[in-house]
Amino acid sequence: MTDEKEAIGVIGVGWVGLVTAACFAELGHEVWGRDIVPEKVESLARGEVPIHEPGLPELVTKNAERLHFTTDMGETLEHARLLFVAVDTPPSYSGDADLSRVETVLDELGDSDRHALVMKSTVPVGTGRSIQRRRAGTGYVSNPEFLKEGSAVADFMKPDRVVVGADEGSSGFADRVAALYEPLGARILRTDVASAEMIKLASNAFLATKISFINEIANVSEELGADVLQVAEGMGLDDRIGPKFLRAGIGWGGSCFPKDVQALKQLAGNSGYHFQLLTAVIEVNELQKRRTIGKLQKHLGSLEGKEVALLGVAFKPDTDDIREATSLVLSGRLQGEGAHVRVYDPVAALRANSMLGGARICESALEAVEGADAVVLVTEWPEFGELDWTGDVKSRMRVPLVVDGRNFLDREALVEAGFTYEGIGR
Ligand code: UGA
């Protein structure tokens, strides 16, 4: 094991870049975080973290001496030797990843050959090979991230595995990158670059497939009278299946799964292969997001003029990320059916305001449920579990109907108190 300290540059201090920068600083390295957004850099330099990620502000404050934030690429290149690229690669209209920000970074680097590139951004398989052709002899490593929003710091510090992909000629750089992670004690898997790129996309696609699968089992269980919670528990006890990512719900979202599943499908298509399974996985998820409408109609008939409260806007708890969140789809569909929608989220509602159409943003869950004909629990924020459902909530609602989109609430207690309860797959 080596405890040599590196001078690291992180290009792009969005969610992935900032977690990476802060964690490397925590491991004792000197880190230059570079971003093109001056306001972000200024607030980080003041020690203020502009995103909601547990544990991250503490890490940034604690390691302030080793963390330098700048908009200046020249300053970063002057100090850092290993350059982690963590700019975003959002989906383009075609579904392919948009690599324009990666291209800009490459342009800024010019023909500098002093800097080895470490790709953290999720890129299509083959990207590394083409970058290496353009920057021959400078060192290139693919080091995908497997962080989950809401537990990213813990995921970085205690990874299941670290993937370090390098081709011929870059093995010395790959050794240095691998050494950075040695203190974490995780298995470090060395692969070629294309395989490392594929591991990232295939892992996200597999997890999304696992969720879409259990969601379909849930839907069939509703028809056949089985309970998906019991089914998932029984399946998960099989070592080969495992219990994780078998929580049925109202669909997966976020900034990663939708983009990466689509990107892998598209990438396969571009190579002439029709990835049939992923096409279905995506479609199942779209339908799952909309199924709630039918559950509401089953009890309320037409939704015209009905008051529907959505609890939770973020795509999952412990994040303010609303990208591809089910709440946005539901809000639109409900209003399309003529319902009046009110929403509450502990951190994400204001951010989502413009995307929720005419939905009313509430200051509290209790305000949202006041006079409601139905409540849909969209995001399993812990505070929703602590509400006084059978007292305060029920007395405020016009009709005690709950669609529990995450199987999160105490069904028995709610039913006993007179609620009509609809879960997922029960
Ligand atoms: C996901 C992966 O889990 C990370 O490993 C990966 O690094 C990351 O994408 C990325 O590519 O950057 P994340 O999007 O933060 O992480 O969130 P997850 O916790 O994976 O949840 C994704 C979605 O699946 C959420 O909408 C969640 O509600 C849903 N989900 C998750 C379920 O519906 N059921 C489950 O059992 C698990």
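This structure is a prediction, so every number in the text was calculated from the model and none was measured. Remember, it's 1-based here, ligands and their atoms both numbered in the order they're listed.
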I need the nearest protein heavy-atom contact for [atom]: residue, atom name and distance, please.
| atom | result |
| --- | --- |
| atom 25 (C) of ligand 1 | F315 CD1, 3.6 Å |
| atom 5 (O) of ligand 1 | F146 O, 3.2 Å |
| atom 1 (C) of ligand 1 | F257 CE2, 3.5 Å |

Note to self: Looking at ligand 1, is there an atom of it that comes within less than 4.0 Å of some heavy atom belonging to G254?
What the structure shows: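 G254 does not count as a contact of ligand 1 under the 4.0 Å cut-off.
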Check: Crowded around I36 CD1? As in, over 12 foreign heavy atoms under 6.0 Å?
Finding: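 Incorrect, the count does not exceed 12.
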Next item on the list: Indicate, as side chain, backbone, both or neither, the part of T122 found under 4.0 angstrom from ligand 1 when only non-hydrogen atoms are considered.
Entry: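 Looking at T122 and ligand 1, no heavy atom falls under 4.0 Å.
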Notebook entry, point to check: Is it true that R411 and D227 make a salt bridge, defined as a side-chain N closer than 4.0 Å to a carboxylate O?
Noted result: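 Yes, charged N to carboxylate O under 4.0 Å.
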Check: If we only count heavy atoms from C-beta on, is the V378 to L311 side-chain gap below 4.5 Å?
Finding: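 Heavy-atom side-chain distance check fails, nothing below 4.5 Å.
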Checklist line | Heavy-atom closest pair, residues L99 and V123 | finding: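 That would be CD2-CG1, 3.9 Å.
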Notebook entry, point to check: Taking the six-membered ring where the residue is Trp, are the ring centres of F206 and F213 under 6.0 Å apart?
Noted result: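 No.
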Check: Considering E145, E149, Q288, which one's heavy-atom position lies nearest to atom 15 (O) of ligand 1?
Finding: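 The option holding the nearest heavy atom is E149.
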Checklist line | Shortest heavy-atom approach to atom 36 (O) of ligand 1 - which of R247, K200, K244 | finding: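 Shortest heavy-atom distance from atom 36 (O) of ligand 1: R247.
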Margin query: Just to verify, which of E307, H340, E367 counts as forming a side chain to side chain donor-acceptor pair (under 3.5 Å) with R360?
Written below: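 The option that passes is E367.
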Note to self: When you compare the side chains of W15 and S255, does any donor N or O come within less than 3.5 Å of an acceptor on the partner?
What the structure shows: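 Not at all, the side chains of W15 and S255 share no donor-acceptor pair under 3.5 Å.
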Note to self: I'd like to check whether N204 has a polar contact with ligand 1, where a contact means an N/O of the residue lying under 3.5 Å from an N/O of the ligand.
What the structure shows: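 Indeed, backbone or side chain, N204 has an N or O that close.
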Notebook entry, point to check: Taking both backbone and side-chain atoms of K316, is any N or O found less than 3.5 Å from an N or O belonging to ligand 1?
Noted result: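 Yes.
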